[in-house]
Amino acid sequence: MRIWLVWSAVLWVFWRSLGAEVLAAPPPGQSALLNGMHDIESAAWMKNATPGCDKGWITDLRYIGTQGNPAADCHLATTQAGLSIIQRLDVSGSESYPHDPAQATAFANTFAAYVAQCPNIHVWIVGNEPNFTVHKSDPDCSSSAYAKAYAEVHKRVHALPGHQDDIVLLASNSPYSPGCLASLRSIIRYVKQEGVQPDGFAAHAYTRAPNAGQINASLVTDTRRQTDPTVDECPGPITWNDTWYSHFLIYRDYIGVMESEGMRGSPVFITESGNACDPVRGNACYPNADVGYFQALYKEAHQWNSNSANLTKIRAITPYRWTINDDGTGRDFAIGQKPGLLGDLTKAFAQRYAWTTIGCGGQTGCTKDADCPQGQRCDTPSGQCVAPPCKQAADCPAKICSPNNCSTSPGQCVDKGEGSFSWQTNPPVAGQDLRIQFTHPSGWTHIGLRYCGPASGTGRDLKISRDPQDRPIWAFTIGPLPAGRYRVDFTADSETRIIGSTELIVPSPCSPKPEECNNQDDDCDGQIDNGLSRPCYDGPPETRGRLPCQDGAQLCNAGVWGPCVGQSLPVPERCNQADDDCDGQIDNGCNPHPEPLSETAHESAPQEPSPDSAANEILILDGSEQDKEKTVLRPTGCGCTGPDTPLSGGLLLGGLLLLFLLRRRF
């Protein structure tokens, strides 16, 4: 029997070694490179910093509130240039996520409304540093409320058309604050209790040189560690006694927590990194010089990804930050204002460290606008047909937004021109004619007026007069006009020239009531069936709510409930220590065997400090027994001999076949 197991193990290793080399181009909206920067203001520099079609990542922050109608900035020009966006959405500057769980649904609806406007962005962060924004570090203060907000956002985003495969990241905890690892651990558990599996993780990993003069490349791989005992600031059951790396290698501690909570292989985005100097006003955190710091930073992440034993990969590092710091501490990060430092960053980017095959966002669809349905255009970096740049006037500073149902420039920002428009009555009345006039300092011939939107047509009953400044006024009648948003153009020279354009809103008579799935604007906000979703589940009723089975969500579209998206249904039981068929039993009907486990049984695997580690006076672990690596036994189930037992039957058969062939040969 033992010889068959040996051959099975040999074939399994060979199969895994082949599979480890198979990489695919990244999904739409995701760069294959680790290269990145925090702050959208870096976009112009980032476009030139990396050659090729894939330019890396930018982490951006927007505040969206909880009112359900956020104004989205989708950074279309940035993504068209080959950059991928990691979009963080916070409630406000003082509350990154709703501390009151009763506000979680409103925040999630607002979050989803923002996402729905941005078909070119596919990586999102829900809030920021839960263990810091409540101004207390005890995870009991924040973990359950944050998990509720994340779970609600997760369900709604994945129910949106075009965003089913988006990555919704858990926010990073504040590094080095008490309870940062305990907070992550408890948030993952609370999220799973909500019936949701996190998509991935944001992480903040810094070095900690006190000022720019002490920063050096060796800090990146510094192995010194510090202790973190429980700080009881809020009532609750969570206690901890963790250890972590004191510098950039804290990312390994985060990954250790993720993997210990069953999230091995989930994507990690280091959305804040670099050097966190002492918070003293005027203190510079970076030198204006190339000291090899960023080169070491990206090299360390690349080496982690290159180790085949590390299944949890890093997909981005976006150093903090491009602009002058505005967190009230007065520290000067301002990477973008240090040309010498940018030389270091440019050399790091030139290595083109990638987590997968570079493919410019996985372009597999359109290559030109003509490939897309009417009213959409081709986002060439992603190969996806997307909505035009604007949906409302606020999307076009100093211009107007042409409605999608206009034949000229649909969904584009259009110049207003030099003239001015006015109309009577104001506001217009739906279903009635409207008298509209245009004033301009110059006279024109062959003039006209045209409008497009829910209805299209030309002006009639032209009357010409002059204002007190002797400027010409042209007045036309248009309509009757259905409710909606219009573009109105004053034309000259037989409509070959557009002299001026304006946006015209015709409100609908409406009595607000709760929105229903009926193809009507019940709440009178100008949108039909907006934000309506409901839980759904197509599996056997007795399996509903038993993890890993979980509900999906249906979106309402034009009065019809859509398909159930994002649900997890029962599958035949496998040998994997999971309740695959959701019957409440794990690996039922099988005989478990104990298996030694040494890598993932503890939260992190501390390293002993180097002999000279006390030089910089950062707390050093005393190497107590609780921090030593442990070896434990766990049942693997179904007669398994290791964690990958679902393959063992087929591999054993392969071993038998191989041995049979060898015996026939000799």
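Proximity of Arg315 to Val123: side-chain heavy atoms (C-beta onward) are nowhere separated by under 4.5 Å. Leu532 is listed as a side-chain neighbour of Trp561, based on a closest heavy-atom distance under 4.5 Å. Using a 4.5 Å heavy-atom threshold, the side chains of Cys549 and Pro570 count as touching. Taking the side chain as every heavy atom from C-beta outward, Glu573 and Asp587 approach each other to under 4.5 Å. Contact check for Pro98 versus Glu152: no side-chain heavy atoms found under the 4.5 Å cut-off. Residues Arg88 and Thr271 are not in side-chain contact: their nearest non-hydrogen atoms beyond the backbone lie 4.5 Å or more apart. With contacts defined as side-chain heavy-atom distances shorter than 4.5 Å, the pair Trp355/Ile314 does not qualify. Side-chain contact between Met263 and Gln197 is present, with heavy atoms from C-beta onward closer than 4.5 Å.
In this structure, Asp579 contributes its side chain and Gly584 its backbone to a donor-acceptor pair below 3.5 Å. A distance-only check finds a donor-acceptor pair linking the side chain of Ser142 to the backbone of Pro130 [under 3.5 Å]. A donor-acceptor pair under 3.5 Å links the side-chain atoms of Gln554 to the main chain of Gly562, judged by distance alone. No side-chain donor-acceptor contact under 3.5 Å links Tyr254 to the backbone of Ala202. Formation of a donor-acceptor pair under 3.5 Å by the Thr230 side chain with backbone atoms of Trp240 is found in this model. The closest donor-acceptor contact from the side chain of Tyr176 to the backbone of His247 lies under 3.5 Å. Here the side chain of Trp304 pairs a donor or acceptor atom with the backbone of Thr312 at under 3.5 angstrom. In this structure, Ser260 contributes its side chain and Val257 its backbone to a donor-acceptor pair below 3.5 Å. Ser143 places no side-chain N or O within donor-acceptor distance of the main-chain N or O of Asp140, the cut-off being under 3.5 Å. Looking at Gln164, its side chain never comes within 3.5 Å of a backbone N or O of Val565 through a donor-acceptor pair.
Considering CG of Asn120 and CD of Gln87, their distance stands at 10.0 Å, rounded to 0.5 Å. Considering OG1 of Thr59 and CD1 of Ile85, their distance stands at 8.5 Å, rounded to 0.5 Å. Atoms OG1 and NZ, on Thr105 and Lys148 in that order, are 6.0 Å from each other to the nearest 0.5 Å. Between the CG atom of Asp581 and the CG atom of Leu569 there is a distance of 12.5 Å, given to the nearest 0.5 Å. The OG1 atom of Thr356 lies 10.5 Å from the NZ atom of Lys313; values are rounded to the nearest 0.5 Å. Annotation: the span from Asp232 atom CG to Cys234 atom SG amounts to 8.0 Å, rounded to 0.5 Å.
When the options Phe201, Trp124, Trp57, Tyr251 are evaluated for a ring pair (Phe, Tyr, Trp, His ring centres under 6.0 Å) with Phe269, the one that passes is Trp57. Exactly one of Asp199, Ile125, Ile188 qualifies for a side chain to side chain contact (heavy atoms under 4.5 Å, CB included) with Leu170. That residue is Ile188.
At most 12 heavy atoms of other shown residues, nucleotides or ligands fall within 6.0 angstrom of atom NZ in Lys299. The environment of Asp100 atom CG is dense: over 12 non-hydrogen atoms of other residues, nucleotides or ligands sit within 6.0 angstrom.
The two atoms that bring Ala147 and Glu194 nearest to each other are O-CG, 4.4 Å, heavy atoms only. The two residues Glu261 and Lys192 have their closest heavy-atom pair at O-NZ, 2.5 Å. Closest of all the heavy-atom pairs between His122 and Pro28 is CD2-O, 3.3 Å. Between Tyr206 and Ser273, the shortest heavy-atom contact is CE2-O, 3.5 Å. Taking all atoms of both residues into account, the shortest heavy-atom contact from Thr110 to Ala106 is OG1-O, 2.9 Å. Closest approach of Glu300 to Thr221, counting heavy atoms only: OE1-CG2, 3.6 Å.
Salt bridge present: Arg224 and Asp222 bring a charged side-chain N and a carboxylate O closer than 4.0 Å. Using a 4.0 Å cut-off between a side-chain N of Lys or Arg and a carboxylate O of Asp or Glu, Arg546 and Asp583 do not qualify as a salt bridge. Ion pairing between a basic and an acidic side chain is recognised when a charged N comes within 4.0 Å of a carboxylate O; Asp253 and Arg225 show such pairing.
Judged by the 6.0 Å and 45° rule, Arg62 forms no cation-pi pair with Tyr114.
Side chain to side chain, Asp228 and Trp244 fail the donor-acceptor criterion of an N or O pair below 3.5 Å. With 3.5 Å as the limit, one finds a donor-acceptor pair spanning the side chains of His204 and Glu129. Using a 3.5 Å distance cut-off with no hydrogens or angles, the side chains of Ser172 and Glu272 do not pair a donor with an acceptor. No hydrogens or angles considered: nothing links the side chains of Ser177 and Asn131 as a donor-acceptor pair under 3.5 Å. Side chain to side chain, Thr543 and Tyr537 meet the donor-acceptor criterion of an N or O pair below 3.5 Å. Gln226 and Ser246 form a side-chain donor-acceptor contact under 3.5 Å, judged by distance and modelled atom types alone.
Aromatic pair Tyr150/His154: ring centres closer than 6.0 Å.
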- Quick one: do Tyr245 and Thr223 satisfy side-chain contact (heavy atoms from CB on, under 4.5 Å)? Show the steps, please. CA-CA 6 Å; Tyr245 286 103; Thr223 59; 4.2 Å; yes

- Task: Start with the C-alpha distance between Leu34 and Asn305, add both sets of side-chain angles, then the distance that settles side-chain contact (heavy atoms from CB on, under 4.5 Å), and finish with yes or no.
- Result: CA-CA 10 Å; Leu34 299 183; Asn305 285 348; 3.9 Å; yes

- Steps toward side-chain contact (heavy atoms from CB on, under 4.5 Å) verdict (Leu219, Phe248): CA-CA 7 Å; Leu219 292 177; Phe248 177 70; over 6 Å; no

- Just do the side-chain contact (heavy atoms from CB on, under 4.5 Å) check on Ser186 and Ile238 with the steps written out, would you? CA-CA 8 Å; Ser186 60; Ile238 301 174; 3.7 Å; yes

